[in-house]
K.L.:
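Got a structure for you, written out below as structure tokens; questions coming shortly.
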Amino acid sequence: MGITERKEREKEKRRNDIIDAAERVFFSKGQNPATMDDVAEEAELSKGTLYLYFKSKEELSMAIKLRGLKILGEIFIKAIKKYETGIEKIKAIGQAYFQFYKDYPDYFNTMIYSESCDLDLMNKNSFCTGCHDQGDMALNIVSEALRAGIADGTIRPEIDPIKTAHILWGQSSGIIQLIASKGEHIKNEHGLCLDELMLSAFDLICYSLKK
């Protein structure tokens with residue numbers, strides 16, 4: 001291994017170690033209260049060294065979000081393989097998204113938090129661009145399922161797959177955020193099972209899509 005390659009591998013390891021430290025800090029303290037000082041202390045680095053790798057807390061959030069999006073994409077791909085029709089695939093994707101929230105709530109919260117961060121799409125090596133590309137990949141999985149449903153006759157032919165994929169993403173994220181923030185109130189005050197509430201939401205969505 002050459003010197004340049006070894007230095008690059010060491011740099012990449014340090015970068016991943018910092019992201020690991022940021023995850024521990026953000027997931028335990030919360031995104032807003034956590035500071036770069038907290039991350040530097042957790043990573044056992046000086047603040048100056050930390051800023052050599054990440055210029056802001058928002059950039060660290062994007063790095064964590066990218067990890068979550070990669071996991072979510074893999075979950076989507078696995079979910080749709082079990083079904084044949086487009087409408088079944090759409091419902092499977094929605095259920096997989098909810099399961100992702102339950103299994104990886106901290107990644108989900110990071111994804112929601114980072115929605116308010118500006119995407120630096122001009123920097124092709126940035127984590128922001130990676131999040132943009134990974135998010136587009138997830139949306140494409142949804143839009144392809146919609147196209148499959150139009151082709152097999154289980155989904156209305158007049159819908160626009162890309163536009164509808166964005167709508168479904170927003171609807172599902174909104175319902176999951178509602179459950180995340182108001183779940184205990186919904187369960188205790190209204191006697192509703194949260195899993196059944198989510199399934200009912202997906203049933204409504206699929207009903208609106210059916211041919």
Side-chain angles (χ1 to χ4, degrees), residues 19-20 22-35 38 57-58 60-83 85-117 131 134-135 137-139 141-143 145-146 149 154-156 159 163-210:
I19 299 172
D20 290 341
E23 282 192 0
R24 293 192 294 271
V25 171
F26 290 0
F27 292 174
S28 62
K29 288 193 171 186
Q31 297 275 345
N32 285 321
T35 66
D38 294 330
K57 186 173 79 170
E58 287 70 30
L60 267 171
S61 292
M62 286 295 178
I64 296 171
K65 177 182 179 178
L66 181 56
R67 288 182 173 184
L69 284 171
K70 287 180 178 178
I71 294 171
L72 182 61
E74 292 170 359
I75 291 173
F76 279 1
I77 291 171
K78 184 177 179 180
I80 62 175
K81 286 182 178 179
K82 301 176 183 178
Y83 299 94
T85 67
I87 196 68
E88 289 175 327
K89 291 178 186 290
I90 288 297
K91 189 168 185 178
I93 290 170
Q95 292 171 333
Y97 192 17
F98 186 49
Q99 191 62 46
F100 169 80
Y101 156 71
K102 292 197 291 184
D103 292 342
Y104 304 97
D106 293 314
Y107 279 128
F108 177 82
N109 291 333
T110 300
M111 288 162 59
I112 298 303
Y113 169 85
S114 62
E115 288 299 322
S116 61
C117 301
C131 288
Q134 199 68 36
M137 190 179 300
L139 278 172
I141 293 172
V142 180
S143 64
L146 290 166
T154 58
I155 291 177
R156 293 187 288 117
I159 70 165
K163 184 191 298 182
T164 305
H166 280 281
I167 293 170
L168 294 179
W169 185 271
Q171 287 177 325
S172 299
S173 295
I175 297 165
I176 295 173
Q177 285 183 70
L178 174 67
I179 289 175
S181 61
K182 304 290 185 182
E184 287 303 310
H185 174 78
I186 292 171
K187 185 168 56 176
N188 296 331
E189 294 297 320
H190 301 285
L192 296 176
C193 170
L194 300 182
D195 284 355
E196 290 179 2
L197 179 65
M198 200 71 212
L199 286 174
S200 295
F202 294 143
D203 283 340
L204 284 173
I205 289 171
C206 289
Y207 182 78
S208 71
L209 294 173
K210 286 181 179 179

K.L.:
Whether the side chain of K91 engages the backbone of C206 through a donor-acceptor N/O pair (distance < 3.5 Å, no angle test) should be reported.
P.N.:
no
K.L.:
If I compare all heavy atoms of F202 with all of G94, which pair ends up nearest, and what's the gap?
P.N.:
CZ-O, 2.9 Å
K.L.:
Does any part of the side chain of L209, heavy atoms only, come nearer than 4.5 Å to the side chain of L168, both counted from C-beta?
P.N.:
yes
K.L.:
Under a 3.5 Å distance rule, please check whether S172 uses its side chain to pair with a backbone N or O of W169 as donor and acceptor.
P.N.:
no
K.L.:
In Å and rounded to the nearest 0.5 Å, what is the CD to CD1 distance from E23 to I64?
P.N.:
5.0 Å
K.L.:
Going from CZ on F100 to CD1 on I93, what distance comes out if it is rounded to the nearest 0.5 angstrom?
P.N.:
14.5 Å
K.L.:
For T35, is there any backbone N or O sitting under 3.5 Å from a side-chain donor or acceptor partner on D38?
P.N.:
yes
K.L.:
Stepwise, does the salt bridge (Lys or Arg N to Asp or Glu O under 4.0 Å) test hold for R67 with D20?
P.N.:
CA-CA 11 Å; R67 288 182 173 184; D20 290 341; 2.8 Å; yes
K.L.:
Are the side chain of S28 and the backbone of V25 linked by a donor-acceptor contact shorter than 3.5 Å?
P.N.:
yes
K.L.:
Any side-chain heavy atom of F26 within less than 4.5 Å of one from L60?
P.N.:
yes
K.L.:
Kindly assign one of parallel, tilted or perpendicular to the pair Y107 and Y104, based on the angle between their ring planes and the thresholds 30° and 60°.
P.N.:
tilted
K.L.:
Anything under 30° is parallel, anything over 60° is perpendicular, the rest tilted; go ahead and classify Y101 against F108.
P.N.:
perpendicular
K.L.:
Any non-hydrogen side-chain atom of I176 less than 4.5 Å from a side-chain atom of M198?
P.N.:
yes
K.L.:
Checking the side chain of K89 only, and the main-chain atoms of Y83 only, is there a donor and an acceptor separated by less than 3.5 Å?
P.N.:
yes
K.L.:
I want to check something: taking the side chain as every heavy atom from C-beta on, are I80 and I90 in contact at a cut-off of under 4.5 Å?
P.N.:
no
K.L.:
Checking side-chain polar atoms at under 3.5 Å, does S200 have a donor or acceptor matched by the opposite partner on D203?
P.N.:
no
K.L.:
Within a strict 4.5 Å, meaning less than it, do heavy atoms of the K187 and L192 side chains meet?
P.N.:
no
K.L.:
Got a donor-acceptor contact below 3.5 angstrom from the K57 side chain to the N32 backbone?
P.N.:
yes
K.L.:
Would you check if there is a donor-acceptor pair between the side chains of T85 and E88 at a distance under 3.5 Å?
P.N.:
yes
